[in-house]
Protein chains: 2
Amino acid sequence: MRRLKANSMSKGGTSIQDVAREAKVSIATVSRVLNQPDLVTAETAGRVRDAIKLLGYVPNAYAQGLSRRHGKVLGIVLPDIYGEFYSELLRGADGEARRLGFHLLVSSDAHDHGSPTRTENLAFGLIDGLALMMTEPNMELWRETLDAALPTVVLDADINEPGVDSVVVDNAMGTHEAAEHLLEKTPASNCFFVGGPRENFDTAQRAEEFRKALIAKGHAVKEDQFAFGEYSVDWGRRWAADRIKSGGLKNAAVLAGNDEIALGIMQAAQDAGVGVPKDLRIVGFDDTRIATIVRPALSAVRVPLLDIGAAVVRLLVERVGNSEKPATREKLPTKLIVRESSRV
Amino acid sequence: MRRLKANSMSKGGTSIQDVAREAKVSIATVSRVLNQPDLVTAETAGRVRDAIKLLGYVPNAYAQGLSRRHGKVLGIVLPDIYGEFYSELLRGADGEARRLGFHLLVSSDAHDHGSPTRTENLAFGLIDGLALMMTEPNMELWRETLDAALPTVVLDADINEPGVDSVVVDNAMGTHEAAEHLLEKTPASNCFFVGGPRENFDTAQRAEEFRKALIAKGHAVKEDQFAFGEYSVDWGRRWAADRIKSGGLKNAAVLAGNDEIALGIMQAAQDAGVGVPKDLRIVGFDDTRIATIVRPALSAVRVPLLDIGAAVVRLLVERVGNSEKPATREKLPTKLIVRESSRV
DNA sequence: TCCGAAAAAGAAAGCGTTTTCATGGCGTGC
DNA sequence: GCACGCCATGAAAACGCTTTCTTTTTCGGA
């Protein structure tokens with residue numbers, strides 16, 4: 001294999017050596033100018049900085065990582081990068097990461113079946129911390145692979161691994177608010193919960209809280225008031241269509257597991273001539289931007305996606321800086337936003 | 001500063017040394033098992049692989065990068081990670097990157113003002129290639145910083161830098177189709193184009209093509225048939241509200257610069273009692289998922305976001321592998337999808 | 001049975017940093 | 001005016017891996 005020209009990394013391939021030569025100092029001094037400027041004379045530092053500018057020198061991150069035993073890179077693995085939900089999460093994470101001087105290595109889990117691939121393995125040698133959001137089934141697989149030495153924070157899952165931080169949302173809070181809001185004008189027997197997958201952590205919590213609220217009203221809950229499917233518009237549509245066909249939807253209300261489901265329900269209702277909110281009141285979950293775009297505007301429990309992303313990164317960085325820190329579980333508030341789709 | 005325990009990188013800190021010792025071979029052999037397996041006996045390779053598994057060894061990516069003079073990391077910088085548009089792009093990029101064994105370092109440009117920061121500089125020493133999508137004004141700033149030696153591909157911009165690949169969409173194709181579709185039933189004088197920022201590359205092309213189509217109909221274009229603002233729901237709303245107030249919108253049609261604008265227009269129209277598509281026919285641009293969720297469903301020119309993301313990564317990887325490759329400009333097709341919002 | 005070539009394995013030289021340790025120059029306190 | 005200590009700098013080791021370059025082993029053919 002042909003040997004590359006001596007200096008041929010990206011960025012022109014100028015190395016610390018070149019800078020040192022140009023500034024007539026040792027490489028140690030150059031390094032110090034960059035990392036501990038107070039250890040070097042103003043005059044020398046000036047010369048070095050000039051050389052750096054002149055040569056367009058950028059430190060080689062690999063060499064730094066090797067020498068320092070860590071880089072400034074965080075990995076974030078999501079079930080899929082898809083739609084407003086994840087993009088908002090990512091946005092929050094990106095902002096915080098940038099603020100803290102870290103980079104984000106993003107990867108979605110959708111392409112293989114949840115088991116870390118060669119690619120992931122490479123990443124493990126590269127990242128200083130890992131943010132993980134996964135659907136339940138895969139969690140087990142990852143647990144085997146995960147390394148106790150790699151700072152990890154898990155999103156939206158009931159993980160109780162020692163040394164693994166987690167960020168969750170206070171599902172009870174928003175759900176309770178939403179339930180109260182719906183029950184205020186709609187009889188408990190006409191209230192429905194249409195969630196995502198039954199095994200999903202959030203869906204489970206939301207359903208449970210909703211159930212409690214119904215019971216608190218002194219209502220004997222019927223099982224068909226709860227439905228579980230997937231986090232998709234289509235599932236919402238199907239549920240509503242079925243429901244309309246079988247029993248009709250009059251003076252009813254529904255809390256959906258996320259905005260997409262809510263939208264599907266709204267759509268199917270409208271298509272079938274069921275008035276929203278007149279006949280059917282709908283509340284979504286997450287409060288993604290789309291909630292304000294559709295007509296009628298969708299009421300929704302707001303989940304602070306941006307904050308979640310930021311919190312994840314913050315926790316990770318804290319742990320990277322101090323591996324002794326005990327595991328934290330951060331819980332972020334949720335809150336009902338009432339719009340037309342549920343207003344009576 | 002306290003010296004860390006000898007082997008204390010993430011992933012348990014097992015190094016190639018440990019594996020070598022365990023398998024009773026030299027580190028060279030371990031490396032070969034991993035990178036050029038045919039150079040080593042099946043028996044030895046087996047022993048080494050056992051050791052690797054036993055010790056949970058993961059190669060240190062920094063050391064590899066340093067030794068190989070490159071990693072497997074691509075940087076991608078977007079104006080902002082926000083909404084369906086970018087998330088879809090990212091999704092395409094992620095899939096392709098994974099397929100090719102690369103990682104994606106994602107960063108949004110929104111937080112500082114377009115000039116590369118310390119963070120970015122670090123990234124420059126880390127990434128092997130850069131995908132860049134920026135609004136025009138910032139482009140200049142970056143150009144100064146960009147390095148000829150760093151493979152770069154630019155999205156959706158009319159860059160003509162030597163050695164810089166680009167990926168663009170065929171705006172003319174879809175715009176033409178959309179224009180024809182609208183003009184079929186609506187008089188040219190009642191057709192409008194409501195775009196994003198005037199200086200935006202795509203908006204400019206789309207407007208131009210739309211204009212051509214009107215002229216081809218023998219119509220003397222009035223300037224108020226073209227409006228420029230920003231890529232937001234709100235701008236769409238404002239335009240429609242103004243228009244309705246000033247002239248009314250009857251038997252009219254509009255091509256929007258993206259789906260968000262289209263949605264804003266649709267909303268304002270509906271709020272003002274203007275029927276869509278009865279009085280106003282609307283076609284969006286991009287065909288993000290939201291187009292199928294709103295009612296009436298939004299007609300839109302489909303932009304292959306997923307493919308764009310994938311193409312960007314593919315181009316980048318090709319160039320990383322072969323820096324002599326001449327600069328390519330890839331143009332992806334667009335295509336009108338007719339839904340209810342424009343159906344007569 | 002032995003020779004020579006090919007295959008397999010090892011030794012060691014980098015890759016570009018950071019950081020420890022060593023060194024020389026200088027100012028300060030007596 | 002002298003010793004001591006501090007400060008600025010340099011020399012060199014270490015980080016973990018890949019890749020030459022060597023050395024050792026194996027094996028086929030005479």
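All values derive from a computational prediction rather than experimental measurement. Chain naming here is simple, since letters A, B, ... match the order of the sequence lines and numbering starts at 1 in each.
- Remark: C1' of dT17(C) and CD of Q64(A) are 7 Å apart, rounded to the nearest angstrom.
- The side-chain hydrogen bond (donor to acceptor under 3.5 Å, both in side chains) test applied to S31(B) returns N35(B), not counting sequence neighbours.
- For Q17(A), no side-chain nitrogen or oxygen approaches OP1 or OP2 of dG16(C) to under 4.0 Å.
- The CZ-P distance, from R21(A) to dG16(C), rounds to 11 Å in whole Å.
- Qualifying side-chain contact (heavy atoms from CB on, under 4.5 Å) partners for I27(B), counting only residues two or more places apart in sequence or in other chains: I16(B), Q17(B), A20(B).
- The stretch residues 45-64 of chain B participates, sequence neighbours left out, in these salt bridge (Lys or Arg N to Asp or Glu O under 4.0 Å) pairs: E43(B)-R47(B).
- Side chain to side chain, R98(A) and S107(B) meet the donor-acceptor criterion of an N or O pair below 3.5 Å.
- Within the 4.5 Å cutoff, no side-chain heavy atoms of V169(B) are placed close to those of K331(B).
- Among residues two or more places apart in sequence or in another chain, the side-chain hydrogen bond (donor to acceptor under 3.5 Å, both in side chains) test is passed with R314(A) by E330(A).
- For the pair N35(A) CG and dG16(C) P, the computed distance is 17 Å after rounding to whole Å.
- Rounded to an integer number of Å, the gap from CG of L34(A) to P of dG16(C) is 16 Å.
- For T328(A), the side-chain hydrogen bond (donor to acceptor under 3.5 Å, both in side chains) criterion is met by D165(A), K325(A), not counting sequence neighbours.
- Not one side-chain nitrogen or oxygen of Y62(B) sits closer than 4.0 Å to the OP1 or OP2 atom of dT18(C).
- For the pair H70(A) NE2 and dG16(D) C1', the computed distance is 16 Å after rounding to whole Å.
- The base of dG16(C) lies outside donor-acceptor range of the side chain of S67(A), with no N or O pair under 3.5 Å.
- To the nearest angstrom, P of dG16(D) lies 16 Å from CZ of R68(A).
- One atom, CD1 of I16(A), and another, P of dT17(C), lie 5 Å apart when rounded to the nearest Å.
- Proximity note for S15(A) (side chain, C-beta onward) versus dT18(D), dT17(C), dA8(D): the nearest is dT17(C).
- Among dT17(C), dT19(C), dC15(C), the nucleotide with an atom closest to any side-chain atom of R69(B) is dC15(C).
- For T44(A), the side-chain atoms get nearest to dA8(D) when compared with the rest of dA8(D), dT18(D), dT17(C).
- Under the side-chain contact (heavy atoms from CB on, under 4.5 Å) criterion, R99(A) pairs with E96(A), not counting sequence neighbours.
- Residues that satisfy the side-chain contact (heavy atoms from CB on, under 4.5 Å) test with V317(B), not counting sequence neighbours, are L74(B), L100(B), F102(B), V313(B).
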Taking only N/O atoms, report every protein-nucleotides 24-27 of chain C pair under 3.5 Å with atom names and distance.
none

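- For residues 24-32 of chain B, proximity to DNA chain D is found at I27(B), A28(B), S31(B), R32(B), defined as any non-hydrogen atom under 4.0 angstrom from a strand atom.
- When the local axes at the two ends of the helix from dT1(C)-dA30(D) to dC30(C)-dG1(D) are compared, using 5 base pairs at each end, they differ in direction by 40° after rounding to 10°.
- Map A63(B) and V40(B) each onto its nearest nucleotide of DNA chain C; the residue landing nearer the 5' end is V40(B).
- Between N60(A) and dT17(C), a side-chain N or O to OP1/OP2 separation shorter than 4.0 Å is absent.
- Annotation: side chain of L132(A) is not in contact with side chain of L155(A) (no heavy-atom distance under 4.5 Å).
- With respect to D18(B) and R21(B), a salt bridge is recorded, a charged nitrogen being found less than 4.0 Å from a carboxylate O.
- Residue R47(A) contributes atom CZ, which lies 12 Å from atom C1' of dA8(D) at whole-angstrom precision.
- Scanning for side-chain hydrogen bond (donor to acceptor under 3.5 Å, both in side chains) contacts around D307(B) gives an empty result, with sequence neighbours left out.
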